[in-house]
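Chain identifiers are assigned alphabetically (A, B, ...) following the order of the sequence lines, protein sequences preceding nucleic acid strands; residue numbering begins at 1 within each chain.
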There are 2 protein chains.
Amino acid sequence: MRIGELAKATGTKAETIRYYEREGILPAADRTTGNYRDYSNEHLATLSFVRRARGLGFSMSQVKELLTLSDNDDKSCSDVDQLVRQQLKEVNRKIENLILLRDELSQMLQSCEASRIGDCQIVEHLAQPPQV
Amino acid sequence: MRIGELAKATGTKAETIRYYEREGILPAADRTTGNYRDYSNEHLATLSFVRRARGLGFSMSQVKELLTLSDNDDKSCSDVDQLVRQQLKEVNRKIENLILLRDELSQMLQSCEASRIGDCQIVEHLAQPPQV
DNA sequence: TATGCACCTTGTAGCAACTACAAGGTCAAG
DNA sequence: CTTGACCTTGTAGTTGCTACAAGGTGCATA
């Protein structure tokens, strides 16, 4: 299949697919006589895997690791497990930080009852060290 | 004060401060005879404001807006309020997405009881084709 | 046959928000 | 007078794409 078809099938832009090829995430496809990329079902499967992992927040290099690991059916599963655990920890860390942010933003909104910026608690809140 | 001192005082790298100057986020400082940047307390206050807003997830252009707004003491507070509200919404959106991710990753970990990658549920889970 | 159009090719540059050099200048201490 | 910390400018790298530009291919239609 051509790149446009693969793009549609995976919800990926053609430019992104070519980018993945450059980055060694997706193996290069065969070429037609007109020099068009010609993808196989295996490419489709790999790209789906990549997109799914990226959607779960794995970095490009983590995706590369996952791809390498998943090629070795007989190897231990623990490396994959480890990567997922790491990613889970990272996601939890982000959630916690965002919740702190959210609380602070909410607080700011509630404290703002001024009508002039000169009296605005939000601006004061942001301007931590005085003398502006 | 020199750039290094300002950097230490605000927990910002000197390179970042120069970057802010280039981007028009922080006004240019006076120069000493040796061409070193010489910052005032006003610079310190502005940079603190910037870092605080950036730390709360506001984009550079939002920070610019906030700075412009906070310069007009007599203007209405509602624009500031609006920006904070918008940012709060964005943060909530991110939290929700991350929670979905977290759930999926946890699920994957729990389903993995294989010892061989060939049997690994995680790899199989990732290999699912995209479901629209 | 010509032509129009969708699709493809490579290459390069842009995005956010920094960060990391390199090559050199300034300044106070020893 | 040299050392070493600090500063200067300029440029390029980071991540993961995305957006052109200029041209080639393939197929349907006039």
Side-chain angles (χ1 to χ4, degrees), chain A residues 1-26 28-40 43 46-67 86-87 90-91 94 97 101, chain B residues 1-26 28-40 43 46-67 83 86-87 90-91 94 97 101 130:
Chain A
M1 84 192 77
R2 298 202 307 198
I3 199 168
E5 200 181 336
L6 180 63
K8 209 168 277 175
T10 58
T12 313
K13 304 210 169 176
E15 278 134 332
T16 305
I17 296 173
R18 285 190 282 259
Y19 165 72
Y20 286 160
E21 184 184 309
R22 278 202 304 284
E23 295 299 308
I25 283 275
L26 196 63
D30 291 344
R31 296 299 181 116
T32 66
T33 49
N35 198 30
Y36 288 4
R37 286 171 180 83
D38 186 20
Y39 290 100
S40 67
H43 282 104
T46 303
L47 181 55
S48 302
F49 184 105
V50 169
R51 288 260 100 192
R52 191 134 176 68
R54 292 282 307 119
L56 286 167
F58 290 95
S59 71
M60 294 283 275
S61 65
Q62 284 177 322
V63 172
K64 267 187 210 174
E65 278 190 77
L66 284 170
L67 283 171
Q86 190 182 316
Q87 177 59 13
E90 182 64 19
V91 168
K94 281 184 189 162
N97 282 337
L101 279 197
Chain B
M1 86 192 75
R2 298 201 307 197
I3 200 170
E5 200 180 338
L6 181 63
K8 209 168 278 176
T10 58
T12 314
K13 303 207 171 176
E15 277 134 333
T16 306
I17 295 174
R18 285 189 281 258
Y19 165 73
Y20 285 160
E21 183 184 311
R22 278 203 303 283
E23 294 300 308
I25 282 276
L26 195 63
D30 291 344
R31 296 299 180 115
T32 67
T33 49
N35 199 30
Y36 288 4
R37 284 172 181 82
D38 186 20
Y39 290 100
S40 67
H43 282 104
T46 304
L47 181 54
S48 302
F49 185 105
V50 168
R51 288 261 99 191
R52 191 138 177 66
R54 291 283 304 118
L56 285 167
F58 290 95
S59 71
M60 294 283 276
S61 66
Q62 284 176 322
V63 172
K64 265 187 212 175
E65 277 189 80
L66 284 170
L67 284 172
L83 274 175
Q86 190 182 315
Q87 177 59 13
E90 182 64 18
V91 167
K94 282 183 188 163
N97 282 336
L101 278 198

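Proximity of A:Lys13 to the phosphate of D:dA19: a side-chain N or O atom is located under 4.0 Å from OP1 or OP2. In terms of phosphate contacts, B:Thr16 brings no side-chain nitrogen or oxygen within less than 4.0 Å of OP1 or OP2 of C:dA17. The shortest distance between the side-chain N/O atoms of A:Arg18 and the OP1/OP2 oxygens of C:dT9 is below 4.0 Å. Here B:Arg54 reaches the OP1 or OP2 of C:dC18: one of its side-chain N or O atoms lies under 4.0 Å away. Phosphate proximity of C:dT9 to A:Arg37: present, with a side-chain N or O under 4.0 Å from OP1 or OP2.
Of the residues near DNA chain D, A:Thr32 and B:Asn35, the one whose nearest nucleotide (by heavy atom distance) lies more toward the 5' end is B:Asn35.
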Evaluation steps, side-chain contact (heavy atoms from CB on, under 4.5 Å), between B:Leu83 and B:Glu65: CA-CA 9 Å; B:Leu83 274 175; B:Glu65 277 189 80; 3.8 Å; yes
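When distances run from any side-chain atom of A:Ile3 to the nucleotides C:dT9, D:dG16, D:dT8, the shortest one goes to C:dT9. For B:Arg31, the side-chain atoms get nearest to D:dT9 when compared with the rest of C:dT19, D:dT9, D:dC17. Nearest to the side-chain atoms of A:Glu15 among the listed nucleotides D:dT18, D:dC7, C:dC21 stands D:dT18. Comparing D:dG26, C:dT19, D:dT18 by their closest approach to the side chain of A:Thr33 singles out D:dG26.
In this structure, the separation between CD on B:Glu15 and CZ on B:Arg18 is 6.0 Å, given to the nearest 0.5 Å. In this structure, OG1 on B:Thr32 lies 10.5 Å from CZ on B:Arg37, to the nearest 0.5 angstrom. From B:Gln62, atom CD reaches atom CE of B:Met60 across 12.0 Å, with rounding to the nearest 0.5 Å. With values rounded to the nearest 0.5 angstrom, B:Arg51 atom CZ is found 7.0 Å from B:Leu47 atom CG. Considering CZ of A:Phe49 and CD1 of A:Ile25, their distance stands at 10.0 Å, rounded to 0.5 Å.
Considering only heavy atoms from C-beta on, B:Tyr20 stays 4.5 Å or farther from B:Thr46 through its side chain.
Straight-line distance from the CD atom of B:Glu21 to the C1' atom of C:dA17: 17 Å, rounded to whole Å. When the P atom of C:dC8 is taken as reference, atom CG of A:Asp38 falls 12 Å away, rounded to whole Å.
Among the protein residues, B:Arg2 comes within range of the sugar-phosphate backbone only, with heavy atoms under 4.0 Å from sugar or phosphate atoms but none that close to a base.
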Can you tabulate the close N/O pairs, meaning under 3.5 Å, that link protein atoms to atoms of nucleotides 1-5 of chain D?
none

